[in-house]
Amino acid sequence: MAVLPAAESRTSPIASTTATADLRLAGQRWVALVDINNCYVSCERLFDASLYGRPVVVLSNNDGCVISRSAEAKALGIPMGVPLFQIREQIRRHGIRVRSSNYVLYGELSRRVMALLAEFVGEGEQEVYSIDECFLDLTGHQPRYDLSALGQQIRQRLQQWLGLPACVGIGHTRTQAKLANYLAKKQAHWQGVCDLTALSTGERQALQQQIPVGEVWGIGRQLSRSLNTLGIASVQQLVETPIPVLQRRFGVVMARTVYELQGIPCLSLETHQQPRQQLICSRSFGQLITQLADLQEALNWYVMRAAERLRKQGSCCTLITVMLRTNRHRTQDAQYYPSLTLGTGHPTDDVRVLNRLAQQALSQIFKPGYNYKKAGIVLTGIVAREGATSDLFSAPHPLHSERFMGAVEAITARYGRQAIGLGGSALQDRPWHMASRQRSTNPLMGWVVG
DNA sequence: TCTGGGGTCCTAGGACCC
DNA sequence: TCTGGGGTCCTAGGACCC
């Protein structure tokens, strides 16, 4: 949430040094970011010890591209997001182990991680940021404990109890904590925990000098390029640039980022999970789709999935968007990227209503003669369902619950131990998901090379 | 010839994140 | 041959209103 409203920040007095000092005195916080290393690969290793010490990659849906790499795979130069077919030769040459993704497993492990981390802080001091990342407010610990030692304790417990490696970054803001986490991962001498707040100004500046500006949280490829053309290449150079200049050129988001880097919080900890403002369900197809009937069936399934999530968070929606995509990589094909949004008339979570609208939208945008690669729906205009009792705010998943092992057992009982690598291929009974490539003999195993 | 000023809401698109 | 899925926020511009 923005502490700096756009209008006020244009003339914000906190750019001056004295005001900065006041603001820090007013309520400085200590924030940690805990991040599981190579999360999906680390999860796979828990269930297949032969993956330790070897290069491993985990693949996206349809086994399309690489979405997680072990340290060994990174060292071999396997880039993030690379399509599988482009690294076949490297896989063969280096004996890289390959797994399909299994989000049910990762989700359950994530719940365990978050529950364990919750034990280190009080109520309302934990923000689960993503499946493998969590912010902790350590302000209460700060006067009493060495935060680096606490970070080490967190790492050790994750390793001992769950077998998952993690790094911890500590700063006065979330952006600083992210940067610290980057250092903890990149520079071995931190031993997995970097506390930026414990450094002198000179030490911090020297570190920031070494870090490319694109590593900052919120500065992606585009902004990075633009900053570079202005001669701003390192984090330190960014921090030294006057904020009003940056704000005029790049907007309020950039201004917030730089305040955050300076230790002035502009983003607060979101310790209570908010209902989603939009729900997306979309898939790329394993093979190109030309028939309306196949798209109809796919949409039917997306609507069911999305409506399920909608109900789970106690919401209704008022708008539904249907979108189709051809394969942009096939330059020989005619391209078509239509989408259409229809209103529901009244807030609803009724699958039948949503499906009727989705099919109606589809019939309006579908054109024969194209090779469709992807389809999806987006539910927006989300409002709370009247009288809804959302389970969003229910108690965190108990650490020692049986749900986790139950899920793993259910998978292995049904498909065998090897099925831990299921993922996209589990959808093979649906023609619009069927992978066109020849797979290994066990369709649930994904690719196993070497 | 010359055509107010300010506000809200909505949407599309772009940037970012994991 | 083969290229993921699910989110967030911000901005600009148009419609509409008083």
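Predicted, not measured: the structure shown is a model, and the values here were computed from it. Each chain gets a letter, A, B and so on, in the order its sequence line appears, and its residues count up from 1.
Here the C1' atom of nucleotide dC18(B) and the CZ atom of Arg174(A) are 13 Å apart, to the nearest Å. Here dG6(C) presents its P atom at 17 Å from CG of Asp132(A), a figure rounded to the nearest Å. If you measure from atom CG of Asn371(A) to atom P of dT1(C), you get 15 Å, rounded to the nearest angstrom. Per the geometry, CZ belonging to Phe285(A) stands 15 Å off P belonging to dC2(C), to the nearest Å. In this structure, Gln86(A) atom CD and dG4(C) atom P are separated by 11 Å, rounded to whole Å. Nucleotide dC17(B) holds its P atom 16 Å from the CD atom of Glu127(A), rounded to whole Å. Taking atom CZ of Phe135(A) as the reference point, atom C1' of dC17(B) lies 11 Å away to the nearest angstrom. As rounded to whole Å, 18 Å separates atom C1' of dG6(C) from atom CD of Gln274(A).
Arg249(A) pairs by the salt bridge (charged side-chain N to carboxylate O under 4.0 Å, His left out) definition with nothing, not counting sequence neighbours. Partners of Phe120(A) according to the ring pair (Phe, Tyr, Trp, His ring centres under 6.0 Å) rule, which considers only residues two or more places apart in sequence or in another chain, do not exist here. Taking Trp190(A) as the reference, nothing meets the ring pair (Phe, Tyr, Trp, His ring centres under 6.0 Å) condition, with sequence neighbours excluded. For Ser42(A), there are no side chain to side chain donor-acceptor pair (under 3.5 Å) partners, not counting sequence neighbours.
Within residues 317-347 of chain A, the residues that have a heavy atom under 4.0 Å from DNA chain C are, in order of number, Asn327(A), His329(A), Arg330(A). Of the residues in residues 207-221 of chain A, those placing a heavy atom less than 4.0 Å from an atom of DNA chain B are Val216(A), Trp217(A), Gly218(A), Ile219(A), Gly220(A), Arg221(A), in numerical order. Heavy-atom distances under 4.0 Å link DNA chain B to no residue of residues 70-83 of chain A.
Phosphate contact (OP1/OP2 of dG5(C), side-chain N/O of Asn61(A), threshold under 4.0 Å): present. Within the structure, a side-chain polar atom (N or O) of Lys178(A) is placed less than 4.0 Å from OP1 or OP2 of dC18(B). Regarding contacts with the backbone of dG5(C), every side-chain N or O of Ser60(A) stays at 4.0 angstrom or more from both OP1 and OP2.
At a threshold of 4.5 Å between non-hydrogen side-chain atoms, the residues Asn38(A) and Lys74(A) count as touching. Looking at Leu292(A) and Leu362(A), their side chains come closer than 4.5 Å, going by heavy atoms from C-beta outward. Residues Ser101(A) and Tyr106(A) form a side-chain contact, since some pair of their non-hydrogen atoms from C-beta on lies under 4.5 Å apart.
Between Gln187(A) and Gln210(A), the shortest heavy-atom distance links the atoms NE2-OE1, 3.4 Å. Across every non-hydrogen atom of Ala233(A) and Asn228(A), the tightest pair is CA-OD1, 3.5 Å.
Screening residues 350-372 of chain A for ring pair (Phe, Tyr, Trp, His ring centres under 6.0 Å), with sequence neighbours left out, gives Tyr336(A)-Tyr370(A), Phe366(A)-Tyr372(A). For residues 58-88 of chain A, the set of pairs meeting the ring pair (Phe, Tyr, Trp, His ring centres under 6.0 Å) definition, not counting sequence neighbours, is empty.
Using a 4.0 Å cut-off between charged side-chain N and carboxylate O, Asp333(A) and Arg328(A) make no salt bridge. Under the 4.0 Å criterion applied to side-chain N and carboxylate O atoms, Arg256(A) and Glu260(A) are not assigned as salt-bridge partners. With respect to Glu215(A) and Lys185(A), no salt bridge is recorded, no charged nitrogen being found less than 4.0 Å from a carboxylate O.
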Give DNA chain C the dot-bracket treatment, 5' to 3': Watson-Crick (N1-N3 with N6-O4 or O6-N4) or G-U (N1-O2, O6-N3) under 3.5 Å, [ ] crossing, | other strand. ....||||||||||||||
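Ring geometry for Tyr40(A) versus Tyr103(A): interplanar angle over 60°, hence perpendicular rather than tilted (30 to 60°).
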Checking Gln335(A) against Thr326(A) for the side-chain hydrogen bond (donor to acceptor under 3.5 Å, both in side chains) test, could you report, in this order, the C-alpha distance in whole Å, the side-chain angles of both residues, the deciding distance, and whether it holds? CA-CA 6 Å; Gln335(A) 297 294 311; Thr326(A) 49; 2.9 Å; yes
N/O to N/O distances under 3.5 Å, protein versus nucleotides 13-16 of chain C:
none

Distances for protein N/O vs nucleotides 7-9 of chain C N/O pairs under 3.5 angstrom?
from: dG7(C); atom 1: OP1; to: Arg309(A); atom 2: NH2; distance (Å): 2.3
from: dG7(C); atom 1: OP2; to: Ile280(A); atom 2: N; distance (Å): 2.6
from: dG7(C); atom 1: OP2; to: Arg309(A); atom 2: NH2; distance (Å): 2.9
from: dT8(C); atom 1: OP1; to: Gln277(A); atom 2: N; distance (Å): 3.1
from: dC9(C); atom 1: OP2; to: Gln277(A); atom 2: OE1; distance (Å): 3.4
from: dC9(C); atom 1: OP2; to: Gln277(A); atom 2: NE2; distance (Å): 3.0

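No more than 12 heavy-atom neighbours from other residues, nucleotides or ligands sit within 6.0 angstrom of CD on Gln291(A).
Counted by atom type alone, Gln236(A) and Gln209(A) present zero donor-acceptor pairs between their side chains at under 3.5 Å.
For Gly251(A) and Ser282(A), each mapped to the nucleotide of DNA chain C holding its nearest heavy atom, the one lying further toward the 5' end belongs to Ser282(A).
Proximity of a side-chain donor or acceptor of Asp350(A) to a complementary backbone N or O of Arg352(A) within less than 3.5 Å is detected.
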